[in-house]
Amino acid sequence: MRDRGGQLRVTANGCARARSLFALPALPAHCFIRGRAVPLDAALDAAAALLRNAASPAVGGLAADTDGISAALALAERLGAVVDHAASDSLFHGLRALQVTGAMTATFGELRNRADLFVLFGSEFDRHAPRLFDRIVRPPTALFREPGAARGFLIGPDDGATSDGFERLTADLVHAPVIAAALSQLVAGERPRGDRVGGIVMEDLARVATALREARFGVVGWIAATLDPAAGDVAVESFNRLVVTTNASTRCAGLALGGKGNALGANYVCAWQYGVPLRSRLGAGPPEHDPLRYRLKSLLAGGEVDALVWLSALNGAEVPDTRTPMIVLARPGQPLPRDPEVLIPVAVPGLDHSGSIHRGDGVAALPLRRLRPAAMLPPAAAVLNGLCDRLPAAPPPVLIRETAHV
């Protein structure tokens with residue numbers, strides 16, 4: 001809804017994240033070069049000069065709509081730069097686990113209409129998945145179950161109120177892999193050794209396993225961002241194995257939650273345009289993917305990047321606190337740890353211009369409508385294309401000469 005002053009506000013079906021984004025003011029904003037206000041063309045010229053002299057550039061953040069991400073990747077290709085999303089740690093926990101165990105998942109609609117039991121690993125559900133309970137767990141209507149009949153267990157730190165019908169089993173999420181592995185044994189009819197696993201009494205875990213076996217449609221879900229950063233992929237592997245084990249006797253699906261700033265969409269765009277996921281180096285030769293070597297947070301911490309383009313048109317891509325020279329394309333109101341070398345404000349997708357992002361279950365692209373009548377800021381894609389036009393063309397690909405087999 002838009003009031004008489006043109007300000008948008010959420011009147012229904014919103015969450016705290018949506019309310020904060022829609023409340024952003026529609027005000028013109030200046031570009032800045034090291035804290036000094038300049039026109040857009042001057043900011044683009046300064047950004048291009050910085051990038052022309054860079055030997056190891058990177059393009060990160062990538063919190064934008066599909067067009068903005070595509071333009072950012074084209075810029076990275078022109079520069080021969082590494083590309084990574086701000087939330088890729090959570091994303092790659094699941095991707096590495098998928099390579100090892102595979103995954104059995106379901107769409108949000110199927111879970112909403114059929115699931116009657118949820119076993120959820122994580123913390124701060126109201127912050128990371130604010131509409132999980134009212135849209136999926138306890139929706140107002142459902143096709144094949146009673147809307148308010150779902151029950152479940154929350155496994156993780158005791159960090160807030162527990163929803164009706166849910167029981168909290170307090171545990172440090174560092175122990176999530178062994179807890180899920182013990183549940184797999186119990187579901188399969190085996191008894192793990194010991195009286196406790198990860199701080200949880202074995203009898204409590206046995207009740208969870210019994211509930212999974214008896215459910216018509218169970219769900220094992222997790223907040224990827226709250227898992228142990230060093231072993232998140234191991235935890236997701238354990239969750240996937242628990243889902244597979246449960247499916248031997250009933251129906252069960254995995255549910256990965258999180259991935260702010262259209263992280264899944266950024267990975268999709270990179271995959272369909274270049275044939276590789278994020279954490280890759282794009283350039284004149286074939287794209288080079290290495291999820292460990294090209295993790296942007298590690299590169300910045302090690303001082304291995306000499307110019308960073310950071311895109312944050314949506315929530316979920318906080319600007320890193322780094323001394324690396326930065327060109328920041330950010331929505332109005334984006335917090336900054338310092339004045340970057342170049343700051344260019346950009347329009348917000350779904351407020352100031354139309355576009356699309358990808359839904360968290362990966363099955364649909366969600367259209368974004370323009371809600372404000374007159375955009376005062378340029379879209380990220382237009383700014384990135386303008387920056388790309390100021391850079392020299394990339395060298396032609398290096399041809400690989402074929403040799404006869406001996």
Side-chain angles (χ1 to χ4, degrees), residues 93-94 97-98 100-122 125 129 132-156 162-169 171 173 175-193 197-198 200-224 227 234-258 360-363:
H93 289 332
L98 179 64
V100 175
T101 60
M104 302 179 74
T105 61
T107 66
F108 288 160
E110 193 170 14
L111 300 181
R112 170 192 176 99
N113 286 310
R114 297 182 183 275
D116 58 345
L117 177 76
F118 291 81
V119 178
L120 304 174
F121 291 79
F125 285 89
L132 169 65
F133 286 91
D134 65 335
R135 293 294 298 273
I136 295 178
V137 177
R138 295 182 176 278
T141 59
L143 293 178
F144 306 111
R145 66 175 171 99
E146 291 297 322
R151 61 193 182 95
F153 300 87
L154 303 178
I155 301 177
T162 302
S163 178
D164 292 342
F166 276 71
E167 178 182 349
R168 184 181 298 278
L169 303 181
L173 289 170
H175 304 302
V178 295
I179 295 171
L183 283 172
S184 292
Q185 286 185 271
L186 290 164
V187 169
E190 302 172 8
R191 174 82 180 188
R193 294 182 179 179
V197 176
I200 301 177
V201 177
M202 191 64 70
E203 284 69 21
D204 289 339
L205 287 179
R207 289 191 295 105
V208 178
T210 299
L212 282 168
R213 283 197 305 266
E214 295 178 351
R216 293 179 59 194
F217 192 136
V219 177
V220 177
W222 57 91
I223 302 288
L227 300 175
V234 178
V236 178
E237 285 179 33
S238 298
F239 302 150
N240 289 340
R241 294 184 193 280
L242 173 57
V243 170
V244 170
T245 302
T246 306
N247 270 287
S249 57
T250 184
R251 192 173 183 187
C252 187
L255 174 63
L257 296 164
D361 58 356
V363 300

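Every heavy atom of this structure was used, including side-chain atoms; hydrogens, water molecules and symmetry mates were not.
- Inter-residue side-chain proximity for Val119 and Val208 is flagged as met; some heavy-atom pair is nearer than 4.5 Å.
- Under the side-chain contact (heavy atoms from CB on, under 4.5 Å) criterion, Val201 pairs with Arg196, Glu203, Asp204, sequence neighbours left out.
- Annotation for Arg193: atom CZ does not count as buried by contact number, only 12 or fewer foreign heavy atoms lying within 6.0 Å.
- Nearest approach of His93 to Ala224, heavy atoms of both residues: CD2-O, 3.9 Å.
- Annotation for Ala253 and Leu111: closest pair CB-CD2, 4.2 Å, computed over non-hydrogen atoms.
- Taking Val197 as the reference, Val178, Ile179, Ala182, Met202, Leu205 meet the side-chain contact (heavy atoms from CB on, under 4.5 Å) condition, with sequence neighbours excluded.
- Remark: Phe121 engages Phe239 in a ring pair (Phe, Tyr, Trp, His ring centres under 6.0 Å) (not counting sequence neighbours).
- For the ring pair (Phe, Tyr, Trp, His ring centres under 6.0 Å) test, residues two or more places apart in sequence or in another chain that qualify with Phe166 are Phe133.
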Name the atoms and distances for all side-chain donor-acceptor pairs under 3.5 Å in residues 211-218, with sequence neighbours left out.
{"unit_1": "Arg213", "atom_1": "NH1", "unit_2": "Leu186", "atom_2": "O", "d": "2.8"}
{"unit_1": "Arg213", "atom_1": "NH2", "unit_2": "Thr210", "atom_2": "OG1", "d": "3.4"}

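- Here the side chains of Ile155 and Leu120 are not in contact, with every heavy-atom distance at 4.5 Å or above.
- Scanning all heavy atoms of the two residues, the minimum distance from Thr245 to Ser184 falls at CG2-O, 3.5 Å.
- A 4.5 Å side-chain heavy-atom check between Glu110 and Leu143 finds every atom pair outside the cut-off.
- Contact of the Trp222 side chain with the Leu173 side chain is not registered, since no non-hydrogen atoms from C-beta on lie closer than 4.5 Å.
- Across Gly102 and Asn240, no two heavy atoms sit closer than the pair O-ND2, 3.2 Å.
- Within the structure, salt bridge (Lys or Arg N to Asp or Glu O under 4.0 Å) pairs that include any residue of residues 138-151 do not occur (at least two apart or interchain).
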